[in-house]
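Some notes on the structure that comes next.
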Amino acid sequence: MDAASRGVEGVAAAAPRTVDLRRLGFDEIVFVKRKPYSSDHYYTDINNGVSADRFAPENGIYVLDLRTGNERPVVTAAQMPGGTGFIGKISLSFDARRVVFDFREHPKAGFRIWEVSLDGSGLRQISFPPEDEAEKAARWRPGWHTDDVHPCYLPDGGIVFSSTRCEHTILCGGSAHLVAPNLYRMNADGSQVQPLTRSPVSEFCPVVLDDGRVMYHRWEYVDRGARVAKTIWAINPDGTQAVQLFGLAEDTTTIYMYPQPIPGRPDQFVCVGTCHYPQGGCLGTILRVDIGTGMQQRGPDPDQPDYRQGDPGYPVAFLTPEVFVQRRAEAGWHFRTPEGTFVHDRDGQRGHLFTHPFPVDDQLVLVSYKTDPAAHYKNVPNAYAIALIDGRGLRQVVHADPSFSCWHPTPVRPRATPPVPVVAREPKFQAENLAVCVVNNVYQGMEGVKPGEVKWLRINEALPRYWSTSRRWQPSLSSSSWKAALWPRVQWGVVPVEPDGSAHFVVPANRAIFFQTLDADFREVQRERTYINYAPGEVRACSGCHGQGHRAAELTATSLALTRAPSRPQPQPCDLAENGGDGRAGQVIHYPTDIQPILDRRCVECHGAEKPAADLRLTGEVTEFYNTSYEQLATKQLAGPVISEFRSFTQGDQGNYNGAYLPPKRLGCHASPLAALLTDAQHPKNAKHDHTKMLTSMELMILFRWIDTNYQFYGSYFGRQHPRWLQPDPKSPEYDPAVDFRRKATFDEATHWLAPPWHR
């Protein structure tokens with residue numbers, strides 16, 4: 001067992017040693033020289049990461065000659081427009097002759113992508129503001145801009161990058177002042193800019209794997225704490241076959257950022273393990289992740305004092321174990337003291353910090369390294385040097401600058417151009433903006449669920465939050481506020497599951513789609529707590545509902561679902577016109593217009609304002625945050641467990657966990673005391689008053705559908721609700737959920753919610 005596996009003690013015992021830099025197999029390193037980012041959270045480099053004091057003419061891209069120790073500039077900000085600026089991340093071309101990089105000219109400008117040859121020639125701007133830049137900015141605030149960052153060359157000659165052109169904003173918080181970029185691609189000349197993903201939350205640092213796929217970091221949360229799922233994904237350069245590689249089953253606040261594949265080890269990568277905040281450009285410890293061990297149903301024991309040791313099945317090794325991010329503390333780092341204990345520090349002044357790992361081979365890794373432990377994590381301009389580490393005690397400084405820090409060290413060596421993955425698409429469904437999904441057996445991975453119990457799959461969409469939803473009135477509340485369920489979902493309909501557990505159906509493309517398996521009463525059995533962006537016309541197959549996104553599908557021609565055409569999403573019985581519904585498969589769930597009328601008809605007689613039975617008041621008065629009945633059900637958790645983020649309106653921030661894999665029936669109706677009361681005649685509380693006959697079967701179905709949304713209140717990010725806004729103001733039209741809500745609600749908020757004046 002090597003020192004990285006043994007933990008800190010092994011590293012402490014390792015003797016200092018050095019490596020002959022002339023024997024690394026390359027002669028030069030290309031890197032970025034600049035001050036640290038000034039960001040406050042790991043995802044805010046774009047927003048507040050480049051304060052005015054970070055701009056300097058000397059910022060630039062440099063090449064270090066390992067034979068002589070000399071450096072030469074490739075391009076500096078002095079040569080760029082304005083004569084100053086800030087360079088973020090670089091990526092080397094496969095032939096090792098050119099680099100692409102993101103550059104911001106001044107604090108009010110957006111990051112744009114540029115290219116230059118390593119000899120300094122051929123400097124050119126590749127990405128430009130979109131044609132509707134002014135219109136996009138107006139939906140946020142005057143003077144704003146889009147940003148293009150983290151470029152990387154693609155095998156087909158194009159460039160993949162992260163961009164805020166999607167106009168998505170972070171889900172938490174009321175002001176919408178933090179952007180959430182998605183992945184885009186463009187041609188080498190900057191033409192044909194196209195989105196590859198439609199993620200509700202941030203995606204960063206794409207890098208091309210040897211098989212041609214793009215590996216990248218994604219922040220996500222579907223009915224889990226908002227700070228636990230900082231995952232690694234892969235996708236084809238055309239936007240097909242998105243699949244998670246690591247982190248989805250983690251119940252830890254560790255963020256897996258800046259992943260880089262290890263040469264010759266296709267199932268392993270290195271990355272920086274960093275904290276949610278504070279930040280200065282994603283700083284922390286260097287991790288080696290082995291996804292070849294298979295996805296974990298769980299992470300290490302959260303109660304274990306030092307989770308870096310004692311769990312041989314855990315696929316993460318710490319290459320710099322003297323600093324780590326505690327599993328249940330999102331703020332700051334933990335540094336090893338000379339006494340062998342660890343101290344928590346939010347200023348990063350108690351130890352070394354690392355970032356931007358780049359594997360030289362399967363042993364050595366180049367990193368950016370804070371050489372002085374006492375240096376502040378972001379306020380010392382020259383704090384970070386280039387170093388070489390190996391996880392066995394090697395800490396060899398390769399290059400340092402007296403005035404600026406050194407970042408993104410990259411060996412200058414050619415690399416074989418990876419193949420271009422080609423995925424056939426179904427022209428018929430591509431034209432309809434649909435994708436095809438095949439499930440071989442939904443029961444595979446669902447322990448305790450009997451064959452035949454699952455009858456349906458519900459197709460859901462996690463809606464992104466757009467810039468135009470910014471909360472601009474105080475006091476007010478909407479689904480764009482921290483206090484609300486963090487995002488509303490759309491239910492696109494249900495599709496049948498065959499007796500053998502197979503399913504064959506279409507889903508909307510270019511949306512963040514996730515599934516729920518349902519029983520005969522349309523109650524959730526299991527929930528997919530992530531989402532997939534399906535490309536138009538692609539065909540996706542999976543083996544079951546198992547919480548492990550890269551299990552190989554075991555499809556057989558005998559699957560019953562494959563003997564017929566794919567199903568189209570259909571409405572639940574409660575949505576059929578003959579049952580009082582609107583006849584549509586797609587539904588936007590909105591508590592005041594979907595659930596409160598049922599409570600008014602059936603429940604408030606006993607659970608009214610005066611001496612409510614069981615101290616449960618189900619009336620619909622508007623409160624500061626939601627309404628009375630909703631807050632009663634949520635605070636008492638009668639509609640099932642509440643993920644920690646969603647109870648903050650009464651109990652404060654609860655810690656943002658619950659990220660690990662959950663067995664079936666742990667969320668939704670099967671975990672709901674309210675659902676049990678309304679369906680179980682033997683329930684103790686039904687002895688005096690039988691609640692099982694209070695609601696009609698259609699009302700129960702509507703209520704169950706809401707319970708399975710994890711306490712969704714609003715059906716849209718737009719609008720506001722507060723007692724002071726109840727009376728219409730002709731100068732400021734108000735959000736009125738009682739007026740034909742579903743006609744106003746839409747499955748594409750970016751298109752249909754920009755016109756009303758209260759959103760401008």
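All values reported here derive from a predicted model rather than from experimental measurement. For the numbers below, each heavy atom of this structure counts, side chains included, while hydrogens, waters and symmetry mates do not.
With contacts defined as side-chain heavy-atom distances shorter than 4.5 Å, the pair D223/R527 qualifies. In this structure, R529 and L662 have side chains that are in contact, with non-hydrogen atoms separated by less than 4.5 Å. A heavy-atom distance below 4.5 Å is found between the side chains of M257 and C205. When side chains are defined from C-beta on, V149 does not count as touching D45, because their heavy atoms never get closer than 4.5 Å. With contacts defined as side-chain heavy-atom distances shorter than 4.5 Å, the pair H150/P206 qualifies. Two residues are said to be in side-chain contact when any heavy atoms from C-beta on lie closer than 4.5 Å; V100 and I90 fail this criterion. Side-chain contact between I389 and R392 is absent, with no heavy atoms from C-beta onward closer than 4.5 Å. D147 places none of its side-chain heavy atoms less than 4.5 Å from the side chain of V179.
When only modelled atom types and interatomic distance are considered, S163 and D148 share a side-chain donor-acceptor pair under 3.5 Å. In summary, the side chains of S368 and T355 do not present any donor paired with an acceptor at a separation below 3.5 Å, with no hydrogens or angles considered. In this model, no donor atom of one side chain and acceptor atom of the other lie less than 3.5 Å apart for S162 and E203. In the model, T18 has no side-chain atom that pairs as donor or acceptor with a side-chain atom of R395 under 3.5 Å. No hydrogens or angles considered: nothing links the side chains of N440 and S543 as a donor-acceptor pair under 3.5 Å. A donor-acceptor pair shorter than 3.5 Å cannot be found between the side chains of Q279 and T44.
Using cut-offs of 30° and 60° on the angle between ring planes, the pair F103 and F101 is perpendicular. Ring pair Y37/F86 is tilted by interplanar angle, where 30° to 60° counts as tilted.
Taking the salt bridge (Lys or Arg N to Asp or Glu O under 4.0 Å) definition, one finds that R425 meets it with D238, sequence neighbours left out. Residues that satisfy the side chain to side chain contact (heavy atoms under 4.5 Å, CB included) test with H276, not counting sequence neighbours, are H41, Y42, Y43, W219, R227, K230, I255, E330. Scanning for salt bridge (Lys or Arg N to Asp or Glu O under 4.0 Å) contacts around D156 gives R185, with sequence neighbours left out. Applying the side chain to side chain contact (heavy atoms under 4.5 Å, CB included) rule to D65 yields the partners R67, T68; only residues at least two apart in sequence or on another chain are considered. For V193, the side chain to side chain contact (heavy atoms under 4.5 Å, CB included) criterion is met by F161, R165, Y184, M186, not counting sequence neighbours. By the side chain to side chain contact (heavy atoms under 4.5 Å, CB included) test, A512 pairs with P200, A462, Y531, N533, sequence neighbours left out.
The heavy-atom pair separating V74 from L118 by the smallest distance is CG2-O, 3.6 Å. The two residues P181 and F204 have their closest heavy-atom pair at CG-CE2, 3.4 Å. Considering all non-hydrogen atoms of both residues, S202 and I170 come closest at OG-CD1, 3.6 Å. Across all their heavy atoms, Q260 and F358 have their closest contact at OE1-CE1, 3.7 Å. For the residue pair G284 and V323, the shortest heavy atom distance occurs at O-CG1, 3.8 Å. In terms of heavy atoms, V325 sits closest to G332 at CG1-O, 4.4 Å.
Atom CG of L287 sits about 10.0 Å away from atom OG1 of T274, to the nearest 0.5 Å. Considering OG1 of T371 and CD1 of I386, their distance stands at 12.0 Å, rounded to 0.5 Å. With values rounded to the nearest 0.5 angstrom, T320 atom OG1 is found 13.5 Å from R288 atom CZ. Between Q241 atom CD and I532 atom CD1 the span is 9.5 Å, to the nearest 0.5 Å. Here the CZ-CG distance, from R72 to L64, works out to 10.5 Å after rounding to the nearest 0.5 Å. A distance of 10.0 Å separates CE of M215 from CG of D211, quoted to the nearest 0.5 Å.
The closest donor-acceptor contact from the side chain of K35 to the backbone of N59 lies at 3.5 Å or more, if one exists at all. A side-chain donor-acceptor contact under 3.5 Å links N182 to the backbone of S199. Under the 3.5 Å distance criterion, the side-chain polar atoms of W333 are matched with a main-chain donor or acceptor of L283. A donor-acceptor contact shorter than 3.5 Å is absent between the side chain of S117 and the backbone of D119. Judged purely by atom type and a 3.5 angstrom limit, D401 uses its side chain to pair as donor or acceptor with the backbone of F404. A donor-acceptor contact shorter than 3.5 Å links the side chain of Y384 to the backbone of Y377. The backbone N or O of V19 lies less than 3.5 Å from a partner atom in the side chain of Q396, making a donor-acceptor pair. A distance-only check finds no donor-acceptor pair linking the side chain of S39 to the backbone of G49 [under 3.5 Å]. No donor-acceptor pair closer than 3.5 Å links the side chain of T240 to the backbone N or O of E538.
Crowding of R413 atom CZ: a count of heavy atoms from other residues, nucleotides or ligands under 6.0 Å exceeding 12. The environment of CZ in R350 is sparse: at most 12 heavy-atom neighbours from other residues, nucleotides or ligands sit within 6.0 Å.
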Quiz prompt | Stepwise side-chain contact (heavy atoms from CB on, under 4.5 Å) check, T530 with E528 | solution = CA-CA 6 Å; T530 184; E528 183 183 20; 3.9 Å; yes
Exercise. Start with the C-alpha distance between V214 and L196, add both sets of side-chain angles, then the distance that settles side-chain contact (heavy atoms from CB on, under 4.5 Å), and finish with yes or no.
Key: CA-CA 11 Å; V214 176; L196 292 183; 5.6 Å; no
Self-check item: Test side-chain contact (heavy atoms from CB on, under 4.5 Å) applied to F246 and V316, step by step
Solution: CA-CA 10 Å; F246 181 75; V316 177; 3.6 Å; yes
Exercise. Walk me through it: do L388 and V365 pass the test side-chain contact (heavy atoms from CB on, under 4.5 Å)?
Key: CA-CA 6 Å; L388 197 64; V365 182; over 6 Å; no
Self-check item: salt bridge (Lys or Arg N to Asp or Glu O under 4.0 Å) evaluation trace for K89 with D102
Solution: CA-CA 6 Å; K89 185 179 184 299; D102 51 47; over 6 Å; no
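With respect to T231, the side-chain contact (heavy atoms from CB on, under 4.5 Å) criterion is satisfied by exactly one of Q244, E220, H217: E220.
Ring centers of H334 and F324: under 6.0 Å apart, within the cut-off. Aromatic rings of H399 and F31 (six-membered ring for Trp) have centroids within the 6.0 Å cut-off, being under it. Ring centroids of F94 and Y153 are separated by 6.0 Å or more, keeping the two rings apart. Less than 6.0 angstrom separates the ring centroid of H408 from the ring centroid of Y258.
Salt-bridge annotation for D290 and R265: absent, with no side-chain N of the basic residue lying under 4.0 Å from a carboxylate O of the acidic one.
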